[in-house]
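Take a look at the structure below.
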Amino acid sequence: MTLPLRQLSPFCWEIPRRGGMRVPGRVYVTEAQLAALSADRALEQVAAVAHLPGIVGASLAMPDIHWGYGFPIGGVAAVDAEGGAVSPGGVGYDINCGCRVITTQLPVDEVRRNTHAIVSRLFATIPTGMGAGSAIPKLSRRELRELMAQGADWAVARGYRAGADDATHCEEGGRLQGAEPEWVSDRALARGADQVGTLGSGNHFLELQHVAEIYDPEAAAAFGLRTGEITLMIHSGSRGLGHQVCDETLHELSRVYERFGADYAALPDRQLACAPIGSELGTRYLGAMQAAANFAWANRQVMTGLAVRAVAEAMGLAEPELGARVLYDVCHNIAKFEEHQVDGQPRRVLVHRKGATRAFGPGDPRVPEAYRAVGQPVLIPGDMGRYSFVLAGNASAMTETFGSSCHGAGRLLSRTAALKHARGRDIERELASRGIEVLARGPRTLGEEMSEAYKDVEDVVDVIAGAGISRKVAKLVPLGVIKG
DNA sequence: ATGTTC
C-alpha cells in the first residue's frame, strides 16, 4: 500500500485524512529518511493510529520512527482525556523505558586512566542482562507497592542518590500521580521483586561519558554541562514488572475491545486494541501502568546511587568529591495526562509517547525552575560506539508535537542481520580500539547492539533541530559502557 | 523490551 504524502516543510510530511482517520498523520523526516521508510509498515501504522477514538491534532511520528507493536516506535498520539481511548500498544511493553543523565565535576583526563577500574566496578555492582536480579535485597509485595506509590523518592529515601535534587530533576518528579499498585498482579510483583536496580538487556545500557561538544552555551550552563567533564547515562525501564502489566492487559483487551463501540470495532489493526479512559479496564490499565512507571523511576534511581558509589570507589574518592547530580530523567514509553493547546484552546489530553521523549519548551511551569528559561532537558541516547545528545525543548514543540521529541537513533539492521554482520568479528576489541571499554554479559548483545546496527543519532537529532522542535545543547561521548 | 513460546 502506498500512502499519499504531502510535504509541509523540509522536515515534515502529512498523511492526509481519509477513510476512518479522525485526524491526519504527520511525520518528521527528511526526504531521504522517508524513502527508506517505504521498506517497513511504520507509515501505515501512523495512519492506523489516526483512527484511535478521541485522538486530537494529528497522529505524529518522530524521525526515529520504525515499525512497532500497533503503534510505530517514535509515535505520539494525544487523545481527549474524557472521551478518548488508552492503548497499551501506544505505550509499549517496557513501560517508562527512559533515559537519565548524571553530571559530575570529574575531568575526563583524570577518569580516562581509570576507565577499566570504573567500568569493572559498575559491571560488578549493577546486574545486567535478561533475568538478572538481586542488585538490592529482594522486596516483599508490601515494599514493592510502597515503591510503586513513591517512584524515585522511594530510592532517594533509602540513600540511592547522586545529589540533593535527584527526584525533582525527573519528569513528573519521578512519580506519576494516579498509580494504583493494588492493580499490579501478583505475577508482575513476583517478576519485579528482585529487579529493582537492574539494567536489563537489549538496547539498555549504562555509560561512562564525557561532554565532548557544547552547541548552546546558555542551556549547557543551566543544565550544568561543561566540556571535558564526566557524565553517566542510564537507559533502562520497568523490567519484567512493566512487561507483565502490558502483556496481561493486551491479553484481556484483545478479547473485549471491539465491544466498547463501533469506533473500537472499526480499528484497522487488532494491535491498536484500546479501552475508553474511564472504563473499568481502561482505569485498571492506567493505574497499573502508572505504578509500573514509578517502578522504572525507582529502578533508575537505585542504579544512580549504585553507579555513583561504584565510580567513587574505583576512583578512590569520597562520593561528594564527584560533584554528581541528576541532570534530568525522561520517560520515552508512556501515556500521560497533560494539558495542551488544541486548536487554540487548553485541553486535558492523554499523550501516548511510544519511543518519543517529552520536550517542553521554555517558560513551562512543569519544567524545573533551574531549567525553565531555556526549556526542558531532552535526553537522546545514541548507540554504544558513537555518542548521545542532550537537547533543550523549544516553544514550537508545544504547538506542533504536544511537547514531544525523538528518543534515539533507531535501528538500521534487525537483530538477526546485525548478528550476521558481527560474525567473525570482535566487537569488544573494535570498541576498545576507539577508546570505549565495554563489558557485557554475553557476546550476542554486543553483536546485536553494535554501532552499524543503528542509524547515526545525529541525523535523527538534526531533523528534530531542523524542524525547530528541540535544539542541540551538548554531545556526550562514551569512555565505557555496561550492557546486558 | 521480555524468566526471548503460560
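Heavy atoms only: backbone and side chains are in, while hydrogens, waters and symmetry mates are out. Note that the structure is predicted; figures quoted are calculated from it, not measured. Chain naming here is simple, since letters A, B, ... match the order of the sequence lines and numbering starts at 1 in each.
Note: CD1 (A:Ile234) to P (B:dA1) measures 17 Å, nearest angstrom. As rounded to whole Å, 16 Å separates atom P of B:dT2 from atom CG of A:Leu250. The CG atom of A:Asp94 sits 6 Å away from the P atom of B:dT2 (whole-angstrom rounding). To the nearest angstrom, P of B:dT4 lies 11 Å from CG of A:Asp247. We find that CD of A:Glu449 is positioned 18 Å from P of B:dT4, with the value rounded to whole Å. Counting to the nearest Å, the P atom of B:dT2 and the CD atom of A:Glu248 are 16 Å from each other. Protein atom CE of A:Met289 is 16 Å distant from nucleotide atom C1' of B:dA1, rounded to whole Å. If you measure from atom OH of A:Tyr93 to atom P of B:dT4, you get 13 Å, rounded to the nearest angstrom.
Here A:Asn203 reaches the OP1 or OP2 of B:dA1: one of its side-chain N or O atoms lies under 4.0 Å away. The shortest distance between the side-chain N/O atoms of A:Arg239 and the OP1/OP2 oxygens of B:dT2 is below 4.0 Å. Distances shown here put a side-chain N or O of A:Ser201 below 4.0 Å from the OP1 or OP2 atom of B:dT2.
Ring orientation note: the planes of A:Tyr328 and A:Tyr371 are nearly perpendicular, at an angle over 60° on the 30°/60° scale.
Side-chain polar atoms of A:Asp64 and A:Tyr28 form no donor-acceptor pair below 3.5 angstrom. Checking A:His235 against A:His407 by side-chain atom types alone, no donor-acceptor pair falls below 3.5 Å.
Heavy atoms of A:Gly240 sit under 4.0 angstrom from primed sugar atoms or phosphate atoms, though from no base atom. Contact annotation for A:Gly202: backbone-only contact, meaning every heavy-atom pair under 4.0 Å involves sugar-phosphate atoms and none involves a base. Using a 4.0 Å heavy-atom distance criterion, A:Gln195 is classed as a sugar-phosphate-only contact.
Listed nucleotides: B:dC6, B:dT4, B:dA1. Nearest to the side chain of A:Arg187: B:dC6.
For A:Lys354 and A:Phe71, the positive end is not near the middle of the six-membered ring at less than 6.0 Å and at most 45° from its axis.
In this structure, SG in A:Cys97 is found 3.5 Å from NE2 in A:His204, a value given to the nearest 0.5 Å.
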